[in-house]
A.B. asks: 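One structure, pasted below without further comment.
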Amino acid sequence: MVNYQTNETMDNFFNQLKKYILNIYVSTNFFSSNTFIANLLKFVVLILVVSLIAFKYQQHHHEQSLTEQLVLSPRIDDIYFLDFRLFNESLRPKEKYRIAKVFDITGDIITLRYGDLLFPSKHKAADSIRFGQLRYNEYFQPERINFSHQEIQALRSAGAIYLVKRPWQNKVFGNFISPATPPENSSTFILGKKEYLSGVAYFEDPYDEQGLHKAFQYFTQSATLGLPKGQIRLAQMYLEGLATDKNLDLALYWLQQAALQSNKRAIIKYGIVCQQVESCNLVDFYQFLIESGVNLKVREMPVKLSSS
């Protein structure tokens, strides 16, 4: 929800400001020959101040409205600005705000990773992006925190998420929010890659009414040809019921196919979905991967298996 209390405070401020301006006109002889120039300068300065405040108010209102939209439709790489005092009551006095990043979305589950630093003010948190701190691999902690979409919306309503920014060309506030990755060699032939790229293009095309259905077909072709990225995207469509019926079993199947190729993202997503399926046993899944030659230790998966 938009912070109506903040908006009401701003409205009251502007009402008081208007009364103050009227009092200036009433209490002074504005067009007196002795005071005209001085009052004119004061008036110009006052107009500039009011314009600046109005601009900041409109900017704040726009940011909050956009944040509402981004919370309702999250995407990977979205940047969340957190009032971390609402997450942890035992923080030091200057540890108030923190940055988090959406690293993955699996069905209704949004995976965040917190930044290493806590800041004394919202301005300092934003400056950490402007100064390029997020472009380093070590900025975000390795621990992944999972929230349901409903929990994310509740955090927004409570003010724990006070701002959300969506990067454009990997940038927020004019600086990168993740390390630059070298471009893929488009000339390299990889089975299923062409179908995957076609699926992504149709999936992201807002003007094609059949875009999702075409994307589903191309992701199916890519997944069948064995490309892990295509298998994960197809699983995601089954999870969300996009252009097909929602089917967690098929989502698990395609995530397993990608996991068998040592795809860490698929292994993690499988674990998230598995918790939502009563018949799914995560330990059996990890054991199956090990028996199939997937080295979970090398992949740094926190797996504990039974001795049997």
Side-chain angles (χ1 to χ4, degrees), residues 1 66-78 80 100-113 144-157 161 164 166 192-261 263-282 284-285 288-289:
M1 301 289 292
L66 184 58
T67 292
E68 296 297 321
Q69 299 175 27
L70 298 181
V71 166
L72 291 174
S73 56
R75 290 186 185 177
I76 293 175
D77 289 336
D78 281 354
Y80 287 8
K101 182 178 176 182
V102 178
F103 269 79
D104 206 356
I105 299 175
T106 305
D108 188 50
I109 302 300
I110 300 167
T111 300
L112 302 183
R113 284 170 59 183
R144 295 167 176 255
I145 314 297
N146 295 326
F147 295 94
S148 69
H149 196 185
Q150 185 176 2
E151 289 172 334
I152 290 292
Q153 294 179 60
L155 289 172
R156 167 60 184 165
S157 298
I161 299 174
V164 179
R166 179 159 293 166
K193 179 181 177 180
K194 180 180 71 173
E195 292 77 8
Y196 168 76
L197 294 177
S198 297
V200 171
Y202 280 116
F203 188 89
E204 296 179 351
D205 186 353
Y207 304 108
D208 191 337
E209 294 181 357
Q210 297 298 315
L212 287 180
H213 294 279
K214 295 175 182 177
F216 178 79
Q217 294 172 3
Y218 277 110
F219 286 145
T220 300
Q221 295 174 23
S222 177
T224 303
L225 291 170
L227 186 72
K229 287 184 178 180
Q231 292 165 342
I232 292 173
R233 290 298 290 261
L234 181 59
Q236 190 71 24
M237 296 194 77
Y238 277 119
L239 284 173
E240 299 182 24
L242 298 176
T244 185
D245 293 332
K246 187 174 181 178
N247 192 319
L248 298 186
D249 290 328
L250 282 175
L252 286 173
Y253 170 79
W254 286 112
L255 289 174
Q256 178 176 288
Q257 300 311 301
L260 287 170
Q261 300 181 62
N263 187 287
K264 183 178 179 180
R265 187 178 175 212
I267 298 172
I268 293 173
K269 292 171 82 70
Y270 188 101
I272 293 173
V273 179
C274 185
Q275 296 176 13
Q276 305 172 44
V277 178
E278 186 176 354
S279 60
C280 183
N281 188 307
L282 197 54
D284 289 345
F285 169 67
F288 172 69
L289 292 183

A.B. asks: Would you please test Leu255 and Val273 for side-chain contact (heavy atoms from CB on, under 4.5 Å) and show each step?
C.D. replies: CA-CA 9 Å; Leu255 289 174; Val273 179; 4.1 Å; yes
A.B. asks: Should Ile272 and Thr111 count as side-chain neighbours, where that means a heavy-atom distance under 4.5 Å?
C.D. replies: yes
A.B. asks: Is there a side-chain contact (heavy atoms from CB on, under 4.5 Å) between Tyr80 and Leu155? Walk through the geometry before answering.
C.D. replies: CA-CA 11 Å; Tyr80 287 8; Leu155 289 172; over 6 Å; no
A.B. asks: Rounded at 0.5 Å granularity, tell me how far NE2 in His149 sits from CD1 in Ile105.
C.D. replies: 8.5 Å
A.B. asks: About how many Å separate OG1 of Thr106 and CG of Asn146, when rounded to the nearest 0.5 Å?
C.D. replies: 7.5 Å
A.B. asks: Going through the checks in order, is the side-chain contact (heavy atoms from CB on, under 4.5 Å) test met by Thr244 and Leu250?
C.D. replies: CA-CA 11 Å; Thr244 185; Leu250 282 175; over 6 Å; no
A.B. asks: Measure the spacing between CG of Leu225 and CD of Gln231 and express it to the nearest 0.5 Å.
C.D. replies: 9.5 Å
A.B. asks: Are any non-hydrogen side-chain atoms of Tyr238 and Leu252 less than 4.5 angstrom apart?
C.D. replies: no
A.B. asks: Compile the donor-acceptor pairs under 3.5 Å between side chains in residues 213-223 and protein atoms, sequence neighbours left out, one pair per line.
C.D. replies:
from   : atom 1 : to     : atom 2 : distance (Å)
Lys214 : NZ     : Asp208 : OD2    : 3.0
Thr220 : OG1    : Phe216 : O      : 2.7
Ser222 : OG     : Gly192 : O      : 2.9

A.B. asks: A side-chain contact here means heavy atoms from C-beta on lying under 4.5 Å apart; do Glu68 and Arg156 qualify?
C.D. replies: yes
A.B. asks: Please report the closest heavy-atom contact between Ala259 and Ala266, naming both atoms and the distance.
C.D. replies: N-CB, 3.7 Å
A.B. asks: How long is the straight-line distance from CG of Asp108 back to CD of Glu151, given to the nearest 0.5 Å?
C.D. replies: 9.0 Å
A.B. asks: How far does CG of Leu239 sit from CD of Gln276, to the nearest 0.5 angstrom?
C.D. replies: 7.5 Å
A.B. asks: To the nearest 0.5 Å, what is the distance between CH2 on Trp254 and CD1 on Ile232?
C.D. replies: 12.5 Å
A.B. asks: Side chains of residues 69-77: which donor-acceptor partners sit under 3.5 Å, not counting sequence neighbours?
C.D. replies:
from  : atom 1 : to    : atom 2 : distance (Å)
Ser73 : OG     : Gln69 : O      : 3.0

A.B. asks: Check the pair Tyr196 / Val200 against side-chain contact (heavy atoms from CB on, under 4.5 Å), numbers first and verdict last.
C.D. replies: CA-CA 6 Å; Tyr196 168 76; Val200 171; 3.7 Å; yes
A.B. asks: Is any side-chain heavy atom of Arg144 closer than 4.5 Å to a side-chain heavy atom of Arg113?
C.D. replies: yes
A.B. asks: Taking side chain as C-beta onward, heavy atoms only, is Phe285 less than 4.5 Å from Ile267?
C.D. replies: yes
A.B. asks: Side-chain contact test, heavy atoms from C-beta onward, threshold under 4.5 Å: evaluate it for Phe203 versus Leu212 and give yes or no.
C.D. replies: yes
